[in-house]
Amino acid sequence: MATKPSFWLMKSEPESFSIQDLARSPKKTTDWSGVRNYQARNFMRDMTKGDRVLFYHSSADPSAVVGTSVVVKEAYPDHTALDPKDHHYDPKATKEKPIWEMVDIKLDEIFPEPLPLGELRKVKALADMELLRKGSRLSVQPVRPREFEVVVQLAGQAAGTAKRAAKKKAAPAAKPRKKRSSAR
DNA sequence: GCCAACGTTGGC
DNA sequence: GCCAACGTTGGC
């Protein structure tokens with residue numbers, strides 16, 4: 001690839017399409033139809049194959065970054081804009097001028113533990129993230145490489161913490177060990 | 001081109 | 001369910 005991969009964040013309400021839905025999709029891939037915001041569309045036009053995407057659950061309990069995915073198909077017309085029966089139908093769109101576009105993304109990983117918005121706000125290195133800006137509503141947004149890296153790293157840490165907590169919880173149920181002299 | 005009214009998003 | 005922050009629409 002000519003350029004380095006870029007990094008993005010895409011929002012979805014888990015009620016309509018969750019990362020678990022993505023995991024169950026054929027080839028763990030979905031098209032990102034239904035975006036009806038020009039800025040978000042323009043960002044999708046900037047995407048190239050191999051770009052990495054943070055998957056975010058909005059209006060969730062709690063809202064959180066829940067995993068990562070990869071762009072596998074670059075922007076092409078969003079056919080749902082042409083379908084009068086579709087919820088995202090746009091009467092201004094035509095076959096010649098589709099207006100709206102979408103990309104395909106494929107699941108990379110589901111984080112062992114979601115990273116809630118509240119946790120992300122505590123992290124200094126993420127202070128400039130678009131997602132954390134007051135009143136930010138962009139459903140498709142760029143993420144700095146550094147921010148992407150930090151989020152993925154945090155997800156790894158959170159997983160470790162959760163594992164240790166689970167172990168601790170399970171420990172009291174375990175049989176008390178017979179003491180024996182250690183050779184060490 | 002201005003701007004009020006309206007609709008939507010999304011955290012809380 | 002509330003409401004702040006936006007984006008869009010349409011009258012003028």
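Residue numbering restarts at 1 for every chain, and letters A, B, ... go by the order of the sequence lines.
- Panel note: side chain A/Asp78, backbone A/Ser33; no donor-acceptor pair is recorded below 3.5 Å.
- The pair A/Glu149-A/Arg146 does not meet the salt-bridge criterion, since no charged nitrogen lies less than 4.0 angstrom from a carboxylate oxygen.
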Protein heavy-atom contacts under 4.0 Å, written 5' to 3' over nucleotides 7-12 of chain B as B (base), S (sugar-phosphate only) or - (none), form the string BBBBSS
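- Scanning for side-chain contact (heavy atoms from CB on, under 4.5 Å) contacts around A/Ser25 gives A/Phe17, with sequence neighbours left out.
- Members clustered with A/Leu131: A/Phe7, A/Leu9, A/Leu54, A/Tyr56, A/Val65, A/Phe111, A/Leu115, A/Leu117, A/Leu120, A/Val123, A/Leu126, A/Met129, A/Leu132, A/Val143, A/Phe148, A/Val150, A/Val151, A/Val152, A/Leu154, by chain and number, using a 4.5 Å side-chain heavy-atom cutoff among hydrophobic residues.
- Note on A/Arg36: nothing from the nucleic acid sits closer than 4.0 angstrom, heavy atoms only.
- Under the 6.0 Å distance and 45° angle rule, A/Lys85 does not count as a cation-pi partner of A/Tyr89.
- Between the P atom of C/dA5 and the CG atom of A/Asn37 lies a distance of 18 Å, rounded to the nearest Å.
- At the phosphate of C/dA4, neither OP1 nor OP2 sits under 4.0 Å from any side-chain N or O atom of A/Lys134.
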